[in-house]
Number of protein chains: 2
Amino acid sequence: MATIKQVASKAGVSVSTVSRYITHKGYVSAEAEVKIKKAIQDLNYSPNISAQSLKSKKSNLVGLLLPDISNPFFPMLAKGVEEFLREKGYQLILGNVNEDREIIKSYLQFLVQSNAAGVITTVDFKEEFPEFDLPAVTVDRVGKKSEFGVFADNSQGGFLAAKAVVEAGAQHIAVVRGPLTTDNTNERFSSSITYLNQADVNYQVFQSMSYDFSEIQAEAEELLKGKERFDTIILPSDVHAVAYMQEIHRLNKHIPEDIQLIGYDDILMSKYVSPALSTIHQPAYEMGHEAAQLIYKLANNQSIDQKQIKLKVFYVERGSTRKIKENENE
Amino acid sequence: MATIKQVASKAGVSVSTVSRYITHKGYVSAEAEVKIKKAIQDLNYSPNISAQSLKSKKSNLVGLLLPDISNPFFPMLAKGVEEFLREKGYQLILGNVNEDREIIKSYLQFLVQSNAAGVITTVDFKEEFPEFDLPAVTVDRVGKKSEFGVFADNSQGGFLAAKAVVEAGAQHIAVVRGPLTTDNTNERFSSSITYLNQADVNYQVFQSMSYDFSEIQAEAEELLKGKERFDTIILPSDVHAVAYMQEIHRLNKHIPEDIQLIGYDDILMSKYVSPALSTIHQPAYEMGHEAAQLIYKLANNQSIDQKQIKLKVFYVERGSTRKIKENENE
DNA sequence: GTGAAAGCGCTAACAG
DNA sequence: CTGTTAGCGCTTTCAC
């Protein structure tokens, strides 16, 4: 690796001139510029990032801490973050944190130690780890106390899901609540419940404990073998819905005739399972993109008009819900 | 951020003693140790990574450059890399490079400038960008010239796929070749062809140009509306297979009765589409894990017994291929 | 065992 | 417009 010193001597100028050239700060004569350009070329020089960052106390690293990158919802979000950041010249540090506080902590530690420009997390850590002082925006699972957040309209989503199944004739509904009691799940859930309460239907609530496929399947088995016969299940995620779907198939029941299903997220897979999954679409890519933009503004002291960005969701009707309103008994 | 100097003065020792304590190199008396420990605690000190890396000319960053993180095969691989690296105290820099040479180049640039410990890529760049001198291991799409590589047994995979469909009674086969003419796709392909040649079947070859879902669907439409009637299609990936599946459904044909399908990769989704997709299982997580381990050894000058690691693949029979041997005419 | 001091590569006053 | 210089925070001889 060539250094700025070598470039300077090769170009016959001082290091500060080279530095000025590189950082585009201060004046550099045309002749000097030519010589420097050539020297850089010849030496295949590029500035040492550690040295730059040591000096400037800044780096262009941005962390993205995700609960589980193999959950299909998150890669899309990551892509949104990555593409925005790359254009702005930032680098993404990806962390797969499994909800594990220690892992989260060690990533935050690293980011702080690296003078990172900021971090995008799925869970607000400011309360738990106030010692890590770096620009942060929460995505998806945005809580009341998060200062900066990007999330989808959960209350609208919960409402739409409940409305969709009720209008499709649901009478006896199982509402499966998401595994985390994070604000986003809570909101969706209570919004669904509010709708259900005012509608003329029966429902019962179940609590899921996991986003892991096989664990969800076990829960599904449990729910389905209970004495209650449901004609509709509202699920907290598409991963849940697909797992339930499998289980329902295994019992030789028909979707949506015997049981209708509605998911949440609209992951890629949902379109291709059979029947295709009706669900609430969340703009994962956009969430990532917006979050990255917020971090960017934060890191560059740009004015922020909206600290909390709420994105729209919408209902996607596919094959797992019934098309027309109809009454059925159990 | 506290500095080592502050810790030193607070502990009443010199910076070098603190440094020795931190790096576990050289002697530190028990008393000094206690005082330093306390000072670090009080000041919530952690070493500045830029300074460390400037001095040591090393960093614990490892790049992982992936073609498309929203392609479900890669997140599993990424997870394998991430989990190994995290345990060893390295940080993952994730790049979503879209096969774009410029993006790849800029990531490599960054990694070199950061004294990164190494990079794991899906495509060997040594030939195209020899100027980037850092430990590299190629995963998945490992070519002949890659020095360090982790890949699945493509030739075995291609063979297994062809064998599976032939044994299930294939007579008229469309072999869709993967979009990249990378060594892995080539190997699979020619291995399938070799098998097909010695079997008593007809086949025809098609070339796919994309991993993008909707583009594949267009290709599928093209292939299926041709005058040739195939009873079997061998696809280069599960994403391809799922896209074809959709298209076949749309034409109201039955899988596997009218057409049988075999994919490649065994992504999560394959189990849950309908019918479930028969495919060749590739150990994505393990590939990532092994690649990370190689990088780790490389970065730490450990002896490497195997520069090229070939992982096993196996056939997963599910619903998209016929169970028993049977003859059919078009 | 410990501290003083040099220096990693870069930037930013500052003087010219 | 340019060069000299100090110093970012850390590690590492080398004397003591």
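Order of the sequence lines sets the chain letters (A, B, ...), proteins ahead of strands, with each chain counted from 1. Computed from a predicted structure; not experimentally measured.
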What residues form a salt bridge (Lys or Arg N to Asp or Glu O under 4.0 Å) with [X], not counting sequence neighbours?
X        : answer
B:Glu187 : B:Lys144
A:Asp124 : none
B:Asp183 : none

Can you list every salt bridge (Lys or Arg N to Asp or Glu O under 4.0 Å) pair that touches residues 90-101 of chain B, not counting sequence neighbours? B:Glu99-B:Arg141, B:Arg101-B:Glu128

Polar side chain donor-acceptor pair, A:Ser19 to A:Ser16, under 3.5 angstrom: no

Could you verify whether a donor N or O on one side chain and an acceptor N or O on the other, from A:Ser53 and A:Ser59, lie under 3.5 Å apart? no

How long is the span from the [atom1] atom in [X] to the [atom2] atom in [Y], to the nearest 0.5 Å?
X        : Y        : atom1 : atom2 : value
B:Tyr45  : A:Gln113 : OH    : CD    : 8.5 Å
A:Ile49  : A:Asn60  : CD1   : CG    : 5.5 Å
A:Ile267 : A:Gln282 : CD1   : CD    : 11.5 Å

Within this structure, what is the CE-to-C1' distance between A:Met1 and C:dC10, rounded to whole angstrom?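 Distance check: A:Met1 CE to C:dC10 C1' gives 12 Å.
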
Rounded to the nearest Å, what distance is computed from the NZ atom of residue B:Lys58 to the P atom of nucleotide C:dC8?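 Taking NZ of B:Lys58 and P of C:dC8, I get 17 Å after rounding.
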
For the helix from C:dG1-D:dC16 to C:dG16-D:dC1, measure the angle between the helix axis at one end and the axis at the other, each built from five pairs, rounding to 10°.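 Taking five pairs per end, the axes differ by 40°.
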
Keeping B:Ser146 on the side-chain end and B:Phe148 on the backbone end, is there a donor-acceptor pair under 3.5 Å?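 Here the side-chain-to-backbone pair does not exist.
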
List in chain and number order the residues that pass side-chain contact (heavy atoms from CB on, under 4.5 Å) with B:Ser29, two or more places apart in sequence or in another chain; answer none if no residue qualifies. B:Glu31, B:Ala32

Let's see if you get this right: which residues in residues 106-115 of chain A place a heavy atom under 4.0 Å from DNA chain D? none

Selection: residues 28-38 of chain A, any non-hydrogen atom under 4.0 Å of DNA chain D: A:Val28, A:Ser29, A:Ala32

A:Ser70: side chain to side chain donor-acceptor pair (under 3.5 Å) partners, not counting sequence neighbours: A:Asp68, B:Lys79

Are there any protein N/O atoms within less than 3.5 Å of an N/O atom in nucleotides 11-13 of chain C, and if so, which ones and at what distance?
residue : atom : partner : partner atom : Å
C:dT11  : OP1  : A:Gln52 : NE2          : 3.1
C:dT11  : OP2  : A:Ser19 : OG           : 3.1
C:dT11  : O2   : A:Lys55 : NZ           : 3.0

So, do A:Ser46 and B:Gln109 sit near enough that their side-chain heavy atoms are less than 4.5 Å apart?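 Yes, close enough: below the 4.5 Å cut-off.
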
Close side-chain approach of A:Leu65 to A:Val119, heavy-atom, < 4.5 Å: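 Heavy-atom side-chain distance check passes, below 4.5 Å.
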
Contact boundaries on DNA chain D for chain B, cut-off under 4.0 Å to non-hydrogen atoms: D:dG9 to D:dT12

Output yes when at least one side-chain N/O atom of B:Lys57 is less than 4.0 Å from OP1 or OP2 of C:dG9, else no.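 Yes, B:Lys57 has a side-chain N/O under 4.0 Å of OP1/OP2 on C:dG9.
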
For residues 286-304 of chain A, which side-chain donor-acceptor pairs fall under 3.5 Å, sequence neighbours excluded?
residue  : atom : partner  : partner atom : Å
A:Asn300 : ND2  : A:Tyr90  : OH           : 3.2
A:Asn300 : ND2  : A:Tyr296 : O            : 2.7

